[in-house]
Number of protein chains: 2
Amino acid sequence: MLEAKAKRNPQLTRERLLGAGFLEIYHSGYQGADLGKILLRAEVTKGALYHHFDSKEALGYAVVDEVIAKVTRDKWLDPLAQAADPLVALIRIVQATSLSEADVRGGCPLNNLAQEMSPLDEGFRARLAAVFLAWRTAIAHALKAGQKQGLVQTGIDPMDTATLLVATYEGYISLAKNSQDPRILQAGKRHLTRYLESLRVS
Amino acid sequence: MLEAKAKRNPQLTRERLLGAGFLEIYHSGYQGADLGKILLRAEVTKGALYHHFDSKEALGYAVVDEVIAKVTRDKWLDPLAQAADPLVALIRIVQATSLSEADVRGGCPLNNLAQEMSPLDEGFRARLAAVFLAWRTAIAHALKAGQKQGLVQTGIDPMDTATLLVATYEGYISLAKNSQDPRILQAGKRHLTRYLESLRVS
DNA sequence: CTTCCAACATACCAACTAGTGTGTATCTTC
DNA sequence: GAAGATACACACTAGTTGGTATGTTGGAAG
């Protein structure tokens, strides 16, 4: 019999708290997130939480820096960094955006938290702004590389276009979240795909 | 001496509560909105609040139905309904979007509340979705009228285009709010204006 | 084997906050 | 002008929630 009862593992405990914190914040927002529910979900006690984090705020910051930033890296930055053709990669990423009930209803974790906390807490705002900037910068770099390779039209400004893409993408997710209608998000994916194809050198 | 001390005026009290509630919700979100602060801002006591509204939720609903919906009507629906040229009207409205510190920091009251409450409270979600739908519908109607007058290209679907405009508009406001950089919103206004001009029959 | 510290567990507290109960002043209606 | 209804004022409560104080356990080092 191996590992009948959970052994002590601080690294695992920390990750459980981050995961549960992320889900709870995603569901209720940071202000609405209940530490008690986070502890229940993580199957961890309050003592463990306050051993690993100084405060609810510190846990929230860590969720941004470690969980939300990682999701963005995995979905956007890494695929773009390795892409041969930036437009193909961007279209693939956009098309991979989930239309599931839960995801449409929940919206974008990054934007959710940014909208809630940016005016209220500079610590959150700055961390979330760093993620947005890294996202836009990654798209801009990919577009610029595409221009040099003759794959992307040179008439556009990479960073300006990256910002447009992110804004439109987040805007559609927001509308879909409120209407709870995946067809709106589907329309957004179609539009973004058409726009990306229009950037190709033909 | 006329009206030395504030006389009793239920209509005014109600409006003060709606106004203060709107501002407090705009600042802190619905969940974070403190009834005590709303009462201080409105210069009204708790008895008055619970005379006019059954609960915090009822006040929130009224803020959506009466304040937020009215702001949208005044800024978008009415100008569009009276416009001779929809594209001119839309560009004028977009250009009129405030770049002030406070407005950039605060974002869009409609979208703020929609992002916060849509997954949590069906009453809020449905009311806010009605405002979004009215907004998009007004733009679509104006575009369709413009098509019939030969002012707008017939190749586009009015409702689809209206949704794109709203999504992009809200997306830029969200990014500007998080970055606290009015230049992002300025870029959004430029882009939307260019896009609207591209819809014109030339 | 002992010592020490990280890694928890549990009971408790203090502050906040939506909501209520009761009393009072003002207005309308007959 | 009496009576009922409306429009408040104010003190209080009950529940929630982030945070803390204190105790215990397990593992690693010497």
Side-chain angles (χ1 to χ4, degrees), chain A residues 2-64 113 116-117 120-121 123-124, chain B residues 1-25 27-64 113 116-117 120-121 123-124:
Chain A
L2 304 169
E3 303 291 343
K5 57 181 63 180
K7 291 299 177 65
R8 186 177 276 191
N9 186 338
Q11 185 61 32
L12 178 63
T13 301
R14 202 187 128 86
E15 278 174 25
R16 294 168 76 98
L17 283 166
L18 285 174
F22 170 74
L23 289 178
E24 186 63 20
I25 290 173
Y26 182 47
H27 185 265
S28 308
Y30 172 76
Q31 299 182 89
D34 180 352
L35 285 186
K37 289 184 182 172
I38 293 176
L39 297 176
L40 280 179
R41 200 194 285 264
E43 295 180 278
V44 153
T45 64
K46 196 163 276 193
L49 168 62
Y50 279 94
H51 174 74
H52 287 281
F53 300 97
D54 286 343
S55 61
K56 183 186 179 184
E57 186 182 60
L59 174 62
Y61 287 177
V63 165
V64 176
L113 201 48
E116 179 189 2
M117 297 308 294
L120 296 179
D121 186 300
F124 271 110
Chain B
M1 116 189 152
L2 304 169
E3 304 290 342
K5 56 179 62 177
K7 289 300 177 63
R8 185 179 275 189
N9 187 336
Q11 185 61 32
L12 178 64
T13 301
R14 201 187 129 87
E15 279 174 25
R16 293 167 77 97
L17 283 166
L18 286 174
F22 169 76
L23 289 177
E24 186 62 22
I25 290 173
H27 185 265
S28 308
Y30 172 76
Q31 299 183 89
D34 180 353
L35 285 186
K37 288 184 183 173
I38 293 176
L39 297 175
L40 280 179
R41 202 194 284 263
E43 294 180 283
V44 153
T45 64
K46 196 163 276 193
L49 167 63
Y50 279 94
H51 175 73
H52 287 280
F53 301 97
D54 286 344
S55 61
K56 182 187 180 185
E57 187 183 60
L59 173 63
Y61 287 177
V63 165
V64 176
L113 202 48
E116 179 190 2
M117 297 306 295
L120 296 180
D121 185 300
F124 271 110

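In what follows, chains are A, B, ... by sequence order, proteins preceding strands, each numbered from 1. For the numbers below, each heavy atom of this structure counts, side chains included, while hydrogens, waters and symmetry mates do not.
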What pairs of residues pass the side chain to side chain donor-acceptor pair (under 3.5 Å) test when at least one of them lies in residues 42-53 of chain B, not counting sequence neighbours?
->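 Applying side chain to side chain donor-acceptor pair (under 3.5 Å) to every pair that reaches into residues 42-53 of chain B, excluding sequence neighbours, yields B:R16-B:E43.
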Calculate the interatomic distance between [X] atom [atom1] and [N] atom [atom2]; express it in whole Å.
X: A:Q31; N: D:dG18; atom1: CD; atom2: P; result: 11 Å
X: A:L49; N: C:dT10; atom1: CG; atom2: C1'; result: 14 Å
X: A:Y50; N: D:dT22; atom1: OH; atom2: C1'; result: 17 Å
X: B:I38; N: C:dG19; atom1: CD1; atom2: P; result: 11 Å
X: A:L12; N: D:dG26; atom1: CG; atom2: C1'; result: 16 Å
X: B:L39; N: C:dT17; atom1: CG; atom2: P; result: 12 Å

Looking at side-chain heavy atoms only, is the closest gap between B:F53 and B:L18 below 4.5 Å?
-> yes
Donor-acceptor contact below 3.5 Å, side chain [X] vs main chain [Y]:
X: B:E116; Y: B:Y30; answer: yes
X: A:K56; Y: A:D34; answer: no
X: B:E24; Y: B:L35; answer: no

All N/O pairs under 3.5 Å across the protein-nucleotides 15-17 of chain D interface:
residue: D:dT17; atom: OP2; partner: A:D34; partner atom: OD2; Å: 3.0

Can you check side-chain contact (heavy atoms from CB on, under 4.5 Å) on A:Q31 and A:L120, steps first, answer last?
-> CA-CA 10 Å; A:Q31 299 182 89; A:L120 296 179; 3.6 Å; yes
Could you encode protein contacts along nucleotides 5-10 of chain D as a string, one character per nucleotide from 5' to 3', using B for base contact, S for sugar-phosphate-only contact and - for no contact, with a heavy-atom cut-off of under 4.0 Å?
-> -BBSBB
So, B:D54 and B:Y61: side-chain donor and acceptor under 3.5 Å apart, yes or no?
-> no
Please assess A:L49 against A:L39 for the test side-chain contact (heavy atoms from CB on, under 4.5 Å), listing each intermediate value before the final yes or no.
-> CA-CA 8 Å; A:L49 168 62; A:L39 297 176; 3.7 Å; yes
